[in-house]
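This is a predicted model, so every value here is computed, not measured. Note: hydrogens, waters and symmetry copies are ignored here, and every other heavy atom, side chains too, is used.
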Amino acid sequence: MISCLEHQNFFDDKCEICKKEYLFIKGLEEKGTIIVTKDVTANKAKQFPYKDFTEEKAKKLYEKLFLYYLKTLKDEKDASNKAKAIIIKQCQIRNMEPWAWI
């Protein structure tokens, strides 16, 4: 996996490393672990298979997904279930237990 250590909290659309990481997460690029940095000493930093997924980030993602699905589905319960399913999937990818509010 390619991981950008410069943009750890978000993907920068102009950064080639972030683009490659996004493709990897979507399953469109070969698997393996590579950390790409601009500083040679930073290569020995921790290797993260996925970006950090905190409860705060999960709530923000849920809110955005819920509003998106609410526009397309017009049903609050279905929109909520779809958004929660995505949050649960993200937790499973990271071998985390979903939070109680899920």
Side-chain angles (χ1 to χ4, degrees):
M1 177 173 146
I2 296 173
S3 182
C4 180
L5 294 178
E6 187 174 340
H7 306 110
Q8 291 188 9
N9 296 325
F10 60 92
F11 289 112
D12 184 357
D13 292 337
K14 295 176 184 172
C15 175
E16 289 299 318
I17 300 167
C18 286
K19 287 179 189 178
K20 288 180 181 180
E21 183 176 1
Y22 179 79
L23 290 174
F24 176 82
I25 289 173
K26 289 294 186 177
L28 302 174
E29 195 166 300
E30 291 183 26
K31 294 187 179 183
T33 304
I34 302 169
I35 292 199
V36 180
T37 63
K38 293 182 179 173
D39 183 7
V40 175
T41 59
N43 278 335
K44 295 180 181 177
K46 288 184 183 177
Q47 295 183 357
F48 298 101
Y50 296 99
K51 291 207 181 262
D52 192 30
F53 193 60
T54 63
E55 186 173 8
E56 182 181 314
K57 287 183 183 180
K59 287 180 179 180
K60 288 179 184 179
L61 178 60
Y62 171 79
E63 180 183 351
K64 290 178 183 180
L65 291 168
F66 176 75
L67 293 174
Y68 171 77
Y69 285 120
L70 188 59
K71 289 177 187 175
T72 58
L73 298 174
K74 307 289 186 203
D75 182 23
E76 286 184 23
K77 188 168 186 162
D78 288 342
S80 177
N81 289 339
K82 281 195 168 250
K84 286 180 180 179
I86 292 171
I87 300 296
I88 291 170
K89 181 66 176 177
Q90 290 298 316
C91 288
Q92 288 172 345
I93 288 172
R94 292 166 174 81
N95 294 322
M96 298 171 52
E97 287 293 320
W99 296 274
W101 55 270
I102 295 290

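Residues Pro98 and Cys91 come closest through the heavy atom pair CA-SG, 3.9 Å. Minimum heavy-atom separation, Trp99 to Ala58: CZ3-CB, 3.3 Å.
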Discussion item. For Leu61 and Phe53: C-alpha separation, side-chain torsions, deciding distance, then whether side-chain contact (heavy atoms from CB on, under 4.5 Å) applies.
Written reply: CA-CA 10 Å; Leu61 178 60; Phe53 193 60; 4.1 Å; yes
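Contacts of Glu97 classified as salt bridge (Lys or Arg N to Asp or Glu O under 4.0 Å), with partners at least two apart in sequence or in another chain: none. Lys59 meets the salt bridge (Lys or Arg N to Asp or Glu O under 4.0 Å) test with Glu55; sequence neighbours excluded.
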Donor-acceptor pairs are to be reported for all side-chain atoms of residues 64-88 against protein atoms at under 3.5 Å, with residues two or more places apart or in another chain.
residue : atom : partner : partner atom : Å
Thr72   : OG1  : Tyr69   : O            : 3.2
Lys74   : NZ   : Lys71   : O            : 3.2
Ser80   : OG   : Tyr62   : OH           : 2.9
Asn81   : ND2  : Lys77   : O            : 3.3

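Salt bridge status for Lys60 with Glu63: absent, with no side-chain N to carboxylate O gap under 4.0 Å.
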